[in-house]
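Each chain gets a letter, A, B and so on, in the order its sequence line appears, and its residues count up from 1.
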Protein chains: 2
Amino acid sequence: MKLSTKGKYGVRAVYEIARHFGRGPITIKEIADRQGISFSYLEQILHKLGKAGLIESVRGPAGGYLLARKPAELTIGDIVRTLEGPIALSHCLEPGEAGDCYQADDCVARMVWTKVGAKIEEALDSISFEDLLTQQQVQQKEIILKPKKKAALAGKGVC
Amino acid sequence: MKLSTKGKYGVRAVYEIARHFGRGPITIKEIADRQGISFSYLEQILHKLGKAGLIESVRGPAGGYLLARKPAELTIGDIVRTLEGPIALSHCLEPGEAGDCYQADDCVARMVWTKVGAKIEEALDSISFEDLLTQQQVQQKEIILKPKKKAALAGKGVC
DNA sequence: ATATACTTGACAAAAATAGTCAGCTTTGTT
DNA sequence: AACAAAGCTGACTATTTTTGTCAAGTATAT
């Protein structure tokens with residue numbers, strides 16, 4: 001039950017694009033630097049999000065990426081579904097593959113994975129990038145108020 | 001966002017044990033046959049569930065596996081957590097690894113994965129094996145009432 | 001004793017993940 | 001027109017995870 005780096009990087013990248021909202025396109029390089037993601041790998045990820053219509057690209061000098069919608073209309077779920085495929089916990093729930101289960105309508109597991117999958121979708125779709133921007137502002141204030149906490153941090157991992 | 005076969009086989013295996021509840025131990029072989037799972041692989045899975053205290057084993061002839069609790073007190077979440085590890089969508093949320101994220105309390109992604117993870121746990125824990133047994137009885141009735149649907153099924157996949 | 005069944009650890013093929021790399025196309029600027 | 005910035009695209013590869021298999025045990029009821 002893990003997300004791949006694609007999903008995680010994707011959310012963080014789009015978050016950077018969202019932070020840049022209203023200030024023209026942001027380049028892959030800038031996103032990669034800010035988030036510590038490989039440039040080449042990020043290219044792949046952003047391209048996929050672009051093809052899905054979630055972000056838009058501007059070619060040529062001073063180009064880069066833009067949100068295709070307002071931050072409030074773009075959810076974590078949009079990004080995760082695009083990069084990780086449909087949330088089908090079990091193979092037999094993927095579109096077009098339903099008939100593969102030899103137990104089919106006698107299958108109790110099917111009910112379980114359907115129900116849990118729906119809950120996951122619900123959770124992912126309930127969080128927009130505007131929520132993230134708001135959240136970031138709150139956290140920023142907290143850091144200013146308690147600057148000592150920041151000193152304790154080190155390491156190279158990322159969320 | 002897929003479950004591994006371990007989690008899926010685990011749920012189906014425990015479901016078989018639950019169906020056998022009150023009738024003494026059921027053997028690995030019988031579970032493997034009924035659910036079409038490799039005997040050796042299932043051994044590993046059941047052993048892990050046994051060590052976690054979710055099921056109990058009886059050795060010797062006429063031995064096998066039993067539920068360690070009543071079906072109503074055993075949830076899908078218990079099985080999935082044991083077989084797939086804690087539901088930590090991102091590495092940085094695993095127990096003991098929190099400090100690894102270089103962004104730590106400035107990290108908005110962290111909030112997201114925590115929130116979604118909690119929803120998943122909630123969904124998994126809301127389904128007990130008693131629910132599955134009840135569900136199965138309902139489905140069984142439906143099959144008897146509409147026997148024609150069953151004829152349309154084929155293939156080898158499983159949920 | 002012995003047959004049945006669980007225990008444990010080592011091993012291996014196959015698939016998915018996480019990148020890397022090279023060369024291309026588009027477009028604004030001079 | 002030429003150039004450089006920036007995205008586009010597909011092929012390739014190393015690593016890790018998954019999905020098992022196999023073999024040699026240990027425990028126990030009859």
Taken in chain and number order and not counting sequence neighbours, the residues that satisfy side chain to side chain contact (heavy atoms under 4.5 Å, CB included) with A/Ile26 are A/Ile17, A/His20, A/Glu30, A/Ile31

Letter by letter from the 5' end, nucleotides 12-18 of chain C scores (B base, S sugar-phosphate only, - none; protein heavy atoms under 4.0 Å) ------B

Between the protein and nucleotides 14-16 of chain D, which nitrogen or oxygen pairs are less than 3.5 angstrom apart?
none

Hits for side-chain hydrogen bond (donor to acceptor under 3.5 Å, both in side chains) against A/Ser4, two or more places apart or cross-chain, chain-then-number order -> A/Glu84

All N/O donor-acceptor pairs, side-chain side in residues 117-126 of chain A, below 3.5 Å, sequence neighbours left out:
residue	atom	partner	partner atom	Å
A/Glu121	OE1	A/Arg81	NH1	2.4
A/Asp125	OD1	A/Thr75	OG1	3.2
A/Asp125	OD1	A/Arg81	NH2	2.9
A/Asp125	OD2	A/Arg81	NH1	3.3
A/Ser126	OG	A/Ala123	O	2.8

Residues passing the side-chain hydrogen bond (donor to acceptor under 3.5 Å, both in side chains) test with A/Lys29, sequence neighbours excluded, are A/Asp33

Would you tabulate the pairs of protein nitrogen or oxygen atoms and nucleotide nitrogen or oxygen atoms of nucleotides 6-12 of chain D closer than 3.5 angstrom?
residue	atom	partner	partner atom	Å
D/dA6	O4'	A/Gly60	O	3.3
D/dG7	OP1	A/Ile28	N	3.1
D/dC8	OP1	A/Ser57	OG	2.9
D/dC8	OP2	A/Tyr65	OH	2.4
D/dC8	O4'	A/Arg59	NH2	2.9
D/dC8	N4	A/Glu43	OE2	2.9
D/dT9	OP2	A/His47	ND1	3.3
D/dT9	OP2	A/His47	NE2	2.8

Residues pairing under side chain to side chain donor-acceptor pair (under 3.5 Å) where one sits in residues 45-54 of chain A, two or more places apart or in two chains, turn out to be none

Applied to residues 55-64 of chain A, the side chain to side chain donor-acceptor pair (under 3.5 Å) test, sequence neighbours excluded, yields none

N/O donor-acceptor pairs under 3.5 Å from side chains in residues 36-46 of chain B, not counting sequence neighbours:
residue	atom	partner	partner atom	Å
B/Ser38	OG	B/Ser40	N	3.4
B/Ser38	OG	B/Tyr41	N	3.2
B/Tyr41	OH	B/Thr5	OG1	3.4

In terms of heavy-atom contacts, A/Ser128 and A/Pro71 come closest through CB-O, 3.7 Å

Hits for side chain to side chain contact (heavy atoms under 4.5 Å, CB included) against B/Ala72, two or more places apart or cross-chain, chain-then-number order -> B/Glu130

The remaining residues in the hydrophobic cluster of A/Val58, counting side-chain heavy-atom contacts under 4.5 Å among Ile, Leu, Val, Met, Phe, Trp and Tyr, are A/Leu66

